[in-house]
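Take a look at the structure set out below.
Order of the sequence lines fixes the chain letters, A, B, ..., with proteins taken first and strands second; residue numbering starts at 1 for each chain.
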Number of protein chains: 2
Amino acid sequence: MLYPVFMSAALPPFPKPEEPVDARQLLEVALAPDEPCLRADAARNRARLLEAASRLIAEHGAAGVTMEAVAAAAGVGKGTVFRRFGDRTGLLTALLDHSARRLQEDFLGGPPPLGPGAPPADRLRAFGVAVIHRAAEQLDLQLAAQPDGTRRFAHPSHRALHIHVVMLLRQVVADADCELLGQTLMAYLDPALIHHLTGQRGMPLERLEKGWLDLVDRVTRTGA
Amino acid sequence: MLYPVFMSAALPPFPKPEEPVDARQLLEVALAPDEPCLRADAARNRARLLEAASRLIAEHGAAGVTMEAVAAAAGVGKGTVFRRFGDRTGLLTALLDHSARRLQEDFLGGPPPLGPGAPPADRLRAFGVAVIHRAAEQLDLQLAAQPDGTRRFAHPSHRALHIHVVMLLRQVVADADCELLGQTLMAYLDPALIHHLTGQRGMPLERLEKGWLDLVDRVTRTGA
DNA sequence: GAATGAAACTGGACCTCGGTCCGTTTAGAG
DNA sequence: CTCTAAACGGACCGAGGTCCAGTTTCATTC
């Protein structure tokens with residue numbers, strides 16, 4: 001199995017650099033609803049599982065969250081966990097859902113400079129700072145929740161952020177290949193990179209933030 | 001076990017933005033020797049294993065290379081594979097070794113614009129194009145060989161390329177935080193990203209290359 | 001309000017694969 | 001020849017993921 005149906009939509013074909021993004025694309029990519037009309041027992045078990053997983057993380061860190069342990073702690077069979085969340089990253093992602101939603105609401109409809117109203121370049125700057133902070137708060141969980149290999153980029157939550165960045169970029173550097181620039185900016189915000197820099201090497205967060213602001217400046221600077 | 005000794009050196013502390021890189025750092029990070037004085041039987045088995053793995057990849061793709069299959073195909077115990085290569089990514093990395101070495105030789109001592117002699121910005125451009133092409137040739141293998149999570153960035157072969165990029169960047173934008181810019185540029189060249197863009201979405205390689213040249217321009221453009 | 005049938009859910013046995021362990025074997029130096 | 005460090009191999013383990021026979025929900029029908 002790959003994913004529950006509501007997560008498995010095929011990726012849209014890649015638009016040419018000059019094609020505008022369909023506004024609906026943003027909607028499409030919005031995070032799937034938390035509990036898409038589950039049967040009563042299923043919803044109950046889902047809640048139990050999330051709570052159990054939460055507890056396990058608090059006790060043993062993200063690494064201690066094995067699927068069997070979660071199932072056992074929730075008093076449920078292993079198969080149930082997989083049916084509900086697809087795979088381990090699905091479960092972990094669900095735990096991040098609240099935080100992801102809040103971030104998304106903030107930049108879609110919150111107050112400036114993150115939300116609409118501020119100049120796009122400022123929104124971009126604020127966006128990066130927000131993402132970096134969020135990453136710093138939940139590093140291990142975000143790290144563990146990240147699918148490996150290629151799937152990282154196909155993941156809905158990645159795509160939501162990516163599309164937002166691209167939208168902002170288009171308003172600042174309309175002539176550039178914003179899809180690619182967007183991937184570049186997103187890569188800077190990769191939790192794995194952040195963890196590597198702050199955890200493994202001892203880089204302070206402020207330097208990462210400064211680096212983001214500088215990167216945005218460079219990327220959005222229009223031709224000499 | 002983590003790694004055979006010669007691979008396990010701890011990462012150096014992160015230099016402040018303004019500190020110059022010790023030239024020796026480049027040497028330190030040079031790829032470890034292929035066969036560091038192995039016993040005769042060990043060397044023989046190592047060769048057998050690599051050959052077997054190669055064959056398995058040719059037949060079933062990188063995904064078909066299980067450690068047991070390789071061991072069996074080489075007529076060797078499973079423990080031997082792990083003792084020799086540490087883990088799966090170690091084995092896969094060893095398969096990429098030739099190609100990695102050639103790339104490294106090319107940009108360390110080959111002819112311009114990749115090698116020394118050309119202006120640093122040109123070398124940077126050539127570097128990216130070379131990496132993209134190499135990635136395109138061996139996508140599945142590079143993808144499978146990539147360690148997941150944070151270890152991706154700590155891996156010697158990543159660090160070698162990163163350090164090279166940083167060195168070039170310092171010659172073009174001395175005042176910037178080249179460590180971070182270097183990570184950003186490297187992220188653009190991430191095999192997983194390349195595979196996502198060319199494989200999953202249908203992006204042609206030329207667009208990726210154009211994107212790289214543009215990115216280098218933007219990043220190295222000195223203040224307005 | 002009870003019967004009913006299909007769709008959804010459940011649980012745990014089972015599989016695969018990466019990785020570890022440790023008792024045994026062997027290369028090769030002295 | 002001997003002795004030791006190195007290499008060997010395969011049993012073993014844990015964890016993610018699959019499968020499917022049995023169970024539960026609930027909308028529909030009577």
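Between B:F82 atom CZ and D:dA6 atom P there is a gap of 22 Å when expressed in whole angstrom units. A straight line from CZ of B:R84 to P of C:dT20 spans 15 Å, rounded to a whole angstrom. Distance CZ (B:F85) to C1' (C:dT20): 18 Å, rounded to an integer number of Å. Between the CZ atom of B:R88 and the C1' atom of C:dC17 there is a distance of 9 Å, rounded to whole Å. If you measure from atom CZ of A:R48 to atom C1' of C:dG11, you get 14 Å, rounded to the nearest angstrom. In this structure, B:L56 places its CG atom 12 Å from P of C:dG18, rounding to the nearest Å. The interatomic distance linking B:L49 (CG) with D:dC8 (C1') rounds to 12 Å, in whole Å. Here the C1' atom of nucleotide D:dG10 and the CE atom of B:M67 are 15 Å apart, to the nearest Å.
Considering CG of B:D190 and CG of B:L185, their distance stands at 13.0 Å, rounded to 0.5 Å.
Checking C:dC9, D:dG17, D:dC8 against every side-chain atom of A:D87, the shortest atom distance belongs to D:dG17. Closest contact between the side chain of A:A42 and the listed nucleotides C:dC17, D:dG16, C:dC9 involves C:dC9.
Regarding contacts with the backbone of C:dT10, a side-chain N or O of A:N45 is found under 4.0 angstrom from either OP1 or OP2.
Taking the six-membered ring where the residue is Trp, A:F107 and A:F127 present perpendicular rings, their angle passing 60° and hence far from 30°.
Salt bridge B:R170/B:E179: present, at least one basic N to carboxylate O contact under 4.0 Å. Between A:K210 and B:D177 there is no salt bridge, since no side-chain nitrogen of the basic residue lies less than 4.0 Å from a carboxylate oxygen of the acidic one. Between A:E51 and A:R46 there is no salt bridge, since no side-chain N of the basic residue sits under 4.0 Å from a carboxylate O of the acidic one.
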**OP:** Heavy atoms under 4.0 Å is the rule here; annotate nucleotides 22-30 of chain C 5' to 3' with B where the base is hit, S where only the sugar-phosphate is, and - elsewhere.
**Re:** ----BSS--

**OP:** List the steps and the verdict of salt bridge (Lys or Arg N to Asp or Glu O under 4.0 Å) for A:D148 and A:R152.
**Re:** CA-CA 6 Å; A:D148 38 32; A:R152 186 160 93 241; over 6 Å; no

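Using modelled atom types, one side-chain atom of B:R123 and one backbone atom of B:L114 make a donor-acceptor pair closer than 3.5 Å. Put simply, the side chain of A:Y188 never gets that close to the backbone of A:L215: no donor and acceptor are under 3.5 Å apart. In this structure a side-chain-to-backbone donor-acceptor pair under 3.5 Å is present from B:T93 to B:T89.
Counting non-hydrogen atoms under 4.0 angstrom, A:T80 reaches a base of the nucleic acid.
Near DNA chain D, meaning a heavy atom under 4.0 Å away, the residues from residues 68-77 of chain B are B:V76, B:G77.
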